[in-house]
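Because the structure is a prediction, the values reported are computed rather than measured. Residue indices begin at 1 and follow the sequence shown.
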Amino acid sequence: MAAMVAEQRELGRLSALAVYRRIAGAGRMERRRRGAPLPASRKRAKARLRRGRAGGGGSEPEAPPPAAPPSRVELPVEAPGEAPVEASVDPRPEATAAGPDAKPRGGPKAMPGGPRPTGEDSGGVSGLLRRLARLEDSRQRAAELFRWLLAPVAPAEFLRRHWERAPLLLRRGDPGYYAGLFSTAEFDAALRGGEVHFGTHLDVTSYAEGVRETHNPSGRALPAVVWDFYQNGCSLRLLCPQAFSPTVWHFLSILQEQFGSMAGANTYLTPPGTQGFAPHYDDIEAFVLQLEGKKHWRVYRPRTDAEVLPQFSSANLTQAELGEPVLETVLEAGDLLYFPRGFIHQGDCLPDAHSLHITVSSYQRNSWGDFLEKLLPAALQMALEEDVEYRRGLPMDYLQYMGVANSDIVDARRTAFVEKVQSLIKKLVDYVPIDAAVDQRAKSFLHDCLPPVLTQSEKAQSIYGFPARWQDGGPCNVDILITKDTEVRLLCHGIVRLCNEEAGVMLYYTTENSRVYHKEEPKFLELDPEYTDSIEFLLSSYPNHVSVANLPCETLEEKISLATLLFEKGILTTKKPLAKI
């Protein structure tokens, strides 16, 4: 008993990191390379809500990368196989190659940035979101946010010269550029909210002497424990900050429409003089936004053709595997670094400052190859159903002359077999259901999506602002009085997708998604086919309002019934509030 008390007293004097190491042992210190993003009295419109099965999903990436000089754009080295990017010369003296402000090796100099944002653009993220809220079209909001993210580089220039090709660094010299997006104070508030759990929402990591470790205890991430880990040199990675920050949620929910692919995020808080992650590459397009402090970054080219735009992230790499960086610099508050999937990167804190950054990611498993994985099996299934040539049996003796062991044999039967396979593959093009496969990709994307964030006017004109309540002993303001003269439109352009499936016509939507990735199953309405024209009419009319009477349904009752159903699911808003609050 005395020994146990002595042991407890000894543990009381140890840090959380030391306690974890003693209890967990080396076997439980996972070498994790990245974290999972870590998914009425009136007649109805013959449409009903159903719970669909959860679709597949990916995971979110890990550590982020480098940056560039004050009030300038630095266009680093060209992508593999491309000519160097031309740029004007940075008038500053050249920094030393190994120094924190060194420029990309072999890359062009900095080019002068465009004019600084003015007005609400200069009010950080909060001012930006206020301005975006005044735009009626959600597609315009997304495009404007993307432009702001890349400023002063034009989006068209970025897509032409950098997207999936080469890193882009922006040093703005404006520490307040991202003001209001996320902060250490919000990190602390999330911990104090009591809903952050180790492993699920928060990773505690370290990288020292070539060893990458994850030190996650089990259970709730209490502030005293988390900050003790940090004080002892551990980095803190908050997974899906959009679940805890309304501003990050708002930011990503707009941006996802620009990409047409899930926009996720992790935040990284690193103590001075430490590094939290081993060198690695990711399977996402990454935008690193430096929020506080500063961080020293090194970025390296893909080492082989197989690592260019990879499908999956790498394991942790050693320093000996890296070669020379193509970029080495220090990212400061307000700066941005973009790098494509496959570019190896590592970041460490300088001794004099902590670092807080957010990595915004997209385009995980969103390639032509991923699309063909959906398309080709569907095409083959259709060919099997419609063409007897695909159903004919293989030659009885094909095993005797086909296969690797027979690949060097000259045999007319081999030639005929190969030609038959090639012929069937060519014919397969006639059966590819391209649009249906796109709809299935869109269905998966809608399951990945964050739910939309409503402006004040959108809330007042939607079911979310409807004044139904309990009052004076009973419910009041319950009736949703949509008439033929009510003017309606979709809440956002990208919140619904019609899919013709074997089970029927499904309308998938995002308004009931969770802020936590795939926490909810896909949400959809099953519609009778006669309502598809009305859904298409609403999509093509957006962002304009249309009267319910103009919906192309057969009867007025069906028009009102469909509009009411879509309003109740948060899919439609009205031009004027249906009831005064």
Non-neighbouring partners of Glu307 that pass side chain to side chain donor-acceptor pair (under 3.5 Å), sequence neighbours left out: Arg303
Non-neighbouring partners of Tyr508 that pass ring pair (Phe, Tyr, Trp, His ring centres under 6.0 Å), sequence neighbours left out: Phe524
Those residues that, when tested against Phe244, pass ring pair (Phe, Tyr, Trp, His ring centres under 6.0 Å) (two or more places apart): His201
List the atom pairs, donor and acceptor, that lie under 3.5 Å between side-chain atoms in residues 369-380 and the rest of the protein, sequence neighbours left out.
from   : atom 1 : to     : atom 2 : distance (Å)
Asp370 : OD1    : Gln311 : NE2    : 3.2
Asp370 : OD1    : Arg365 : NE     : 2.8
Asp370 : OD1    : Arg365 : NH2    : 2.8
Asp370 : OD2    : Asn366 : N      : 3.2
Asp370 : OD2    : Ser367 : N      : 3.1
Asp370 : OD2    : Ser367 : OG     : 2.8
Glu373 : OE1    : Arg365 : NH2    : 3.2

Contact list for residues 432-441, test salt bridge (Lys or Arg N to Asp or Glu O under 4.0 Å), sequence neighbours left out: Asp439-Arg497
Under the ring pair (Phe, Tyr, Trp, His ring centres under 6.0 Å) test, residues paired with Tyr542 that sit two or more places apart: His493
Of all pairs that satisfy salt bridge (Lys or Arg N to Asp or Glu O under 4.0 Å), the ones with a partner from residues 338-349, not counting sequence neighbours: Glu164-Arg341, Glu285-Arg341, Arg298-Asp348
Side-chain (Thr205) to main-chain (Gly276) donor-acceptor, under 3.5 angstrom: yes
Partners meeting side chain to side chain contact (heavy atoms under 4.5 Å, CB included) with Ser362 (sequence neighbours left out): Phe259, Ser261
Sequence-distant partners of Tyr363, ring pair (Phe, Tyr, Trp, His ring centres under 6.0 Å), two or more places apart: Trp163
Test side chain to side chain donor-acceptor pair (under 3.5 Å) applied to Thr184 - qualifying residues, sequence neighbours left out: Glu292
Partners meeting side chain to side chain contact (heavy atoms under 4.5 Å, CB included) with Ala353 (sequence neighbours left out): Lys294
Partner set under salt bridge (Lys or Arg N to Asp or Glu O under 4.0 Å) for Asp533, not counting sequence neighbours: none
